[in-house]
Structure formats: C-alpha cells, structure tokens
Amino acid sequence: MNGPLAEVRTAVKRFLAEHRPERVAVAVSGGADSLALAAVTAGLAPGSTAVIVDHGLQQDSAEVAAEAARTCAGLGLEAEVRRVVVAGRGGPEAAARRARYAALRPERGVVLLGHTRDDQAETVLLGLGRGSGPRSIAGMRPYDPPWGRPLLGVSRETTNAACAELDLRPWIDPHNSDPAYTRVRLRAEVLPLLEDVLRHGVADALARTAAQLREDCDALDALAEAFQGDRQAVGDLERLPPALRRRVLRLWLLGAGVPELSDSHLRRVDALVGGWHGQGGVWLPGGFVARRLHGRLRVEPVQS
C-alpha cells in the first residue's frame, strides 16, 4: 500500500522524468515540505544539491539555516547556506520573496521548490481576493524554468507524514502562525471555513481551477505570440478581442523593458485602444509611460 513518502517520491520521479533537468538543486527552509522534497530528490537525482536561504529576519535564523544544512548533508545532499538582505518595496513578505528568489536562481539547471497543493489553493484565493486577473488565479506552474514545483499535487498533510516516516524533525516557522500575514489567515481561518461550508475538497477544487486557467492562458498567449499585425498600431489592435489584445500589449510592453506588469496596468493601456477618449499617458512600473499618438501606441521612460 502506498504511503505518504511513496506519494512524494512518485510526484518527484514523474517531474524529473518529464523535464530531465541538467542539474538539480532543492530550496530547503527546514520545513516539512522542503525536507520531504530534499529527502526524495537525494535518492532520485544523484549529485543534486541543497540551497538554504537565511533571510536574517528572526533572531535564530542562522542556527535554523545551519541545522537545515546539516539535515540535508545527512540525506546525502551537498548544502549551501546563502544569507540575504531583505529590503525594498512591498512590505517584508514581498521583499523576502524577491531576495529569496534572487539568491536561489541558478546559472543552469532547475531549482525544486516545496510548494504543495495547499500553497496553490492559498495563491488562488489571494489572486481572487485582490482581483489580480487570470494569471494570478492560475496559480503557480509546476515547471517555470528555472523553478520546478513537483509537489503541487501533494498535500501539506502528506509532506508532514512523509517526514515522520523518515524520522525527520521539520522546523516550524513562527511566521506561519502569525496572523499579521494575510496568507497565514487564509490558511488558518478562510480555508478551514470554506472546507466546512462547501463540504471539503476545496484545496483540490482550487488547484483544478488554477490548472484550467493555466491552459486557457497558455492558449491565448500562443495566439498573442502568433499575432501578425503591428503591436503598436491602434487599427490592428482594435480588431482583436480584449482578452487577446491585452496579451499582445503585454508582449509589446515586456519587449520594451517594462517590468512587473499587473492586470490593472494592462487594462489601463488597453483603454488607450478600446476605451479611447483622448486621455493622457498611462504610468507603468520601472519609470515608463505609455501613450497614444496619431493612431499608434508608444512607451518611453519618464523624463525626470
């Protein structure tokens, strides 16, 4: 009979067989999800390594990182601790995430992340609550090079049970029970309430919704890539359905160097085509502005 550890192993084995990464590293926090992932990967991908990011946000963070490295070494993984400085816009959660991903990004190969089905459900709910558009509601991709998420179909309960099978003692991050963080309240309050009201299976349903939306987004993105018209000509763009037009505009803006585009940014730029009434420019991330002039769109750096 298959147990929790076998379920984790099957998920990782399937991912590695499908994508055949040149080199494999595992991002390890010391929590149950990443420890279960690291333990299984060590057996399935000889030569794989572990990377532990020390955010320095808690008094004992260096000791926690060192213990995670020792555990990984005991599993047969060469482990490295990388200390980062968490600073910048968007609050501590967003700043920590940016610093973590920058520290984890490899020169080549793939980094496996321990996100589970429960993390996916929380991501979808966050996207819904913030009205962030279909890309956000579509959640995390199982494979988004250089990031791999083999455990998106595995529950958090399963990774905890797999660690128990292996006699591993996961670190419990105190931030994961701090209601100051929105994701913690979703985990502790909202999802249990939804499970009760909707009679269970909510995390599965949200994960399925994310997968369906990813398929739809991928199809529309492919159509946008194949668009043969002029991405800046209003006459060519206005003939497109809005959902496709916004994707064409997104490709144009990304190609022009505009970073971190949100759904609201794209809708405001799209209004220069589909809702034109002589309005001014649209301010965009990275110090850019998009304008309509003589039937064409243009994007340029803001002049200081």
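Count residues from 1 along the sequence.
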Residue pairs, two or more places apart or on separate chains, that pass side-chain hydrogen bond (donor to acceptor under 3.5 Å, both in side chains) and touch [range]:
{"range": "residues 206-222", "result": "R135-D221, R141-D218, D221-R247"}
{"range": "residues 57-82", "result": "D54-S61, Q58-D173, Q58-H175, E67-R70, E80-R82"}
{"range": "residues 183-194", "result": "E122-R183, E122-R187, T123-R183, R185-E189"}
{"range": "residues 103-113", "result": "E22-R108"}

Would a hydrophobic clustering, with Ile, Leu, Val, Met, Phe, Trp and Tyr connected at side-chain separations under 4.5 Å, put [X] with [Y]?
{"X": "L254", "Y": "F288", "value": "yes"}
{"X": "I137", "Y": "L191", "value": "yes"}
{"X": "L128", "Y": "L266", "value": "no"}
{"X": "V190", "Y": "V197", "value": "yes"}
{"X": "L168", "Y": "L44", "value": "yes"}

Check whether any side-chain heavy atom of [X] sits under 4.5 Å from a side-chain heavy atom of [Y], and report yes or no.
{"X": "D263", "Y": "S136", "answer": "no"}
{"X": "V282", "Y": "H265", "answer": "no"}
{"X": "L284", "Y": "V269", "answer": "yes"}
{"X": "L112", "Y": "L37", "answer": "yes"}
{"X": "H55", "Y": "R100", "answer": "yes"}
{"X": "L297", "Y": "L237", "answer": "yes"}
{"X": "V299", "Y": "L253", "answer": "yes"}

Closest contact, heavy atoms only, [X] versus [Y]:
{"X": "C163", "Y": "A32", "answer": "SG-O, 3.4 Å"}
{"X": "A95", "Y": "A87", "answer": "CB-O, 3.6 Å"}
{"X": "R9", "Y": "V40", "answer": "CA-CG1, 3.5 Å"}
{"X": "P170", "Y": "G31", "answer": "CB-C, 3.8 Å"}
{"X": "R117", "Y": "G153", "answer": "NH1-O, 3.2 Å"}
{"X": "P285", "Y": "P259", "answer": "CB-O, 3.2 Å"}

Measuring from atom [atom1] of [X] to atom [atom2] of [Y], what distance do you get when rounded to the nearest 0.5 angstrom?
{"X": "L151", "Y": "D119", "atom1": "CG", "atom2": "CG", "answer": "9.5 Å"}
{"X": "L5", "Y": "L166", "atom1": "CG", "atom2": "CG", "answer": "4.5 Å"}
{"X": "S155", "Y": "D118", "atom1": "OG", "atom2": "CG", "answer": "6.0 Å"}
{"X": "R296", "Y": "H294", "atom1": "CZ", "atom2": "NE2", "answer": "11.5 Å"}
{"X": "L240", "Y": "R245", "atom1": "CG", "atom2": "CZ", "answer": "7.0 Å"}
{"X": "L125", "Y": "L186", "atom1": "CG", "atom2": "CG", "answer": "5.5 Å"}

Legend entry - Pairs satisfying salt bridge (charged side-chain N to carboxylate O under 4.0 Å, His left out), at least one member in residues 192-203, at least two apart: none
Can you tell me if [atom1] on [X] sees more than 12 non-hydrogen neighbours from other groups inside 6.0 Å?
{"X": "R14", "atom1": "CZ", "value": "no"}
{"X": "I172", "atom1": "CD1", "value": "no"}
{"X": "W283", "atom1": "CH2", "value": "no"}

Inset, instruction - With sequence neighbours left out, write down each residue that passes side chain to side chain contact (heavy atoms under 4.5 Å, CB included) with D236, or none if nothing qualifies. - result: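 D236: side chain to side chain contact (heavy atoms under 4.5 Å, CB included) contacts with F227, D230, A233, R239.
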Legend entry - Residues in side chain to side chain contact (heavy atoms under 4.5 Å, CB included) contact with S264, at least two apart in sequence or another chain: S262, R268
Inset, instruction - Could you name each residue pair satisfying ring pair (Phe, Tyr, Trp, His ring centres under 6.0 Å) that touches residues 9-43, not counting sequence neighbours? - result: F15-H19, F15-Y143, H19-Y143
Polar side-chain atom of [X] near backbone of [Y] as donor-acceptor pair, under 3.5 Å:
{"X": "R292", "Y": "L272", "result": "yes"}
{"X": "N160", "Y": "R156", "result": "yes"}
{"X": "T158", "Y": "V154", "result": "no"}

Inset, instruction - Applying salt bridge (Lys or Arg N to Asp or Glu O under 4.0 Å), name anything that partners R246, two or more places apart in sequence or on another chain. - result: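 Listed in chain order: D270.
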Inset, instruction - Report the residues that fulfil salt bridge (Lys or Arg N to Asp or Glu O under 4.0 Å) with R298, sequence neighbours left out, ordered by chain and then residue number. - result: E300
Legend entry - Side chains of S29 and S34, donor plus acceptor under 3.5 Å: yes
Inset, instruction - Show the numbers, then the answer: is there a side chain to side chain contact (heavy atoms under 4.5 Å, CB included) between V110 and R23? - result: CA-CA 6 Å; V110 66; R23 191 182 277 183; over 6 Å; no
Inset, instruction - Give the other cluster members for L104, using side-chain heavy-atom distances under 4.5 Å between Ile, Leu, Val, Met, Phe, Trp and Tyr residues; answer none if it is isolated. - result: V51, V53, L57, V84, V86, Y101, V111, L113, W147
Legend entry - Residues forming a ring-ring contact (aromatic ring centres under 6.0 Å, His included) with W252, sequence neighbours excluded: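 So W252 forms no ring-ring contact (aromatic ring centres under 6.0 Å, His included) with any residue.
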